[in-house]
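Here is the structure we will look at, set down as structure tokens.
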Amino acid sequence: QVQLVESGGGLVQPGGSLRLSCAASGSIASIKVMDWYRQAPGKQRELVATIASSGTTNYADSVKGRFAISRDNAKNTVDLQMNSLRPEDTAVYYCRILLTTTNSGRTYQYWGQGTQVTVSS
């Protein structure tokens, strides 16, 4: 079994910063890709940032230059540093991890439980 636990959401004023963290634990052989998604009320879930096992990153145009994704392969964690936050960044943020399990050797995706980020004055 694999568990993902997110932390770090909350309420912040426009222009402020937040850091989200996601920790994976359990029967993990290797982690391939780690992503952050978000879903605002009435909207579809969208990809915010992704980081490959090589460290290569990609970002949605709306967050480029403001958000930074990072990972710690030794701890199986992925963080999202969010700066210069805007009201339109308000959403529930989810981490997603593609990994290979030790028992099957197959690749599965796992999702975190979601953490609310609210940007408001």
Side-chain angles (χ1 to χ4, degrees):
Q1 297 293 335
V2 174
Q3 298 82 39
L4 267 58
V5 177
E6 298 181 29
S7 60
L11 173 64
V12 64
Q13 292 186 341
S17 298
L18 281 175
R19 188 176 184 89
L20 306 182
S21 294
C22 177
S25 62
S27 304
I28 300 170
S30 64
I31 294 179
K32 300 181 182 296
V33 179
M34 307 176 93
D35 310 307
W36 284 96
Y37 284 75
R38 67 185 180 188
Q39 187 166 20
K43 295 188 176 182
Q44 289 189 334
R45 190 171 296 188
E46 64 173 351
L47 178 63
V48 175
T50 186
I51 184 166
S53 56
S54 63
T56 300
T57 59
N58 280 291
Y59 298 92
D61 288 343
S62 59
V63 306
K64 280 181 181 177
R66 300 188 297 122
F67 290 12
I69 188 171
S70 60
R71 62 190 283 171
D72 185 327
N73 292 326
K75 297 181 180 179
N76 292 336
T77 59
V78 57
D79 291 350
L80 185 68
Q81 178 65 43
M82 304 184 294
N83 300 323
S84 302
L85 283 161
R86 305 167 180 169
E88 53 264 38
D89 294 317
T90 295
V92 177
Y93 284 71
Y94 300 89
C95 64
R96 187 197 69 150
I97 297 179
L98 292 175
L99 60 85
T100 303
T101 59
T102 55
N103 53 357
S104 72
R106 299 177 64 180
T107 299
Y108 298 93
Q109 67 171 3
Y110 291 87
W111 290 87
Q113 81 277 14
T115 184
Q116 177 69 46
V117 171
T118 302
V119 185
S120 175
S121 55

Non-hydrogen side-chain atoms of S53 and K32 separated by less than 4.5 Å: no

Exercise: identify the closest heavy-atom pair between S70 and R19: OG-NH2, 3.7 Å

Side-chain donor or acceptor of Q1 paired with backbone N/O of G26 under 3.5 Å: no

Interatomic spacing from CG in L4 to CD1 in I97 - rounded to 0.5 Å: 4.0 Å

Set of residues satisfying side chain to side chain contact (heavy atoms under 4.5 Å, CB included) with respect to V33, sequence neighbours excluded: D35, T50, L98

CE on M34 to OG1 on T77, rounded to 0.5 Å: 6.5 Å

Atom pair OG (S25) and NZ (K75), whose distance is rounded to the nearest 0.5 Å: 14.5 Å

Hydrophobic cluster membership, Y108 vs V78, 4.5 Å side-chain cutoff: yes

Any donor-acceptor N or O pair under 3.5 Å, side chains N83, Q81: yes

Close side-chain approach of L20 to F67, heavy-atom, < 4.5 Å: no

Qualifying residue, where the test is side-chain hydrogen bond (donor to acceptor under 3.5 Å, both in side chains) with S104 and the options are T101, T100, T107: T101

Pairwise distance OG1(T90) to CD(Q116) - rounded to 0.5 angstrom: 7.0 Å

Test item: side-chain donor near acceptor, T118 and S120, under 3.5 Å: no

Note, I28 side chain near V2 side chain (heavy atom, < 4.5 Å): yes

Among V117, L80, V48, side-chain contact (heavy atoms from CB on, under 4.5 Å) partner for R38: V48

Closest approach of L47 to A60 (non-hydrogen atoms, all atoms of both residues): O-CB, 3.5 Å

Polar side-chain atom of Y59 near backbone of I69 as donor-acceptor pair, under 3.5 Å: yes

Any E88 side-chain heavy atom under 4.5 Å of V119 side chain: no

Disulfide bond (SG atoms under 2.5 Å apart) partners of residues 40-80, not counting sequence neighbours, each pair once: none

From SG (C95) to CD (E6), nearest 0.5 Å: 4.0 Å

Q109 side chain vs R96 backbone, donor-acceptor pair below 3.5 Å: no

Minimum heavy-atom distance between P14 and S121, given as atom pair plus value: CD-N, 3.7 Å

Cluster link I51 to Y110, ILVMFWY, side chain under 4.5 Å: yes

D89 vs R86, salt bridge (charged side-chain N to carboxylate O under 4.0 Å, His left out): CA-CA, chis, key distance, verdict: CA-CA 5 Å; D89 294 317; R86 305 167 180 169; 5.3 Å; no

Check: R45 and W111 side chains under 4.5 Å, non-hydrogen atoms: yes

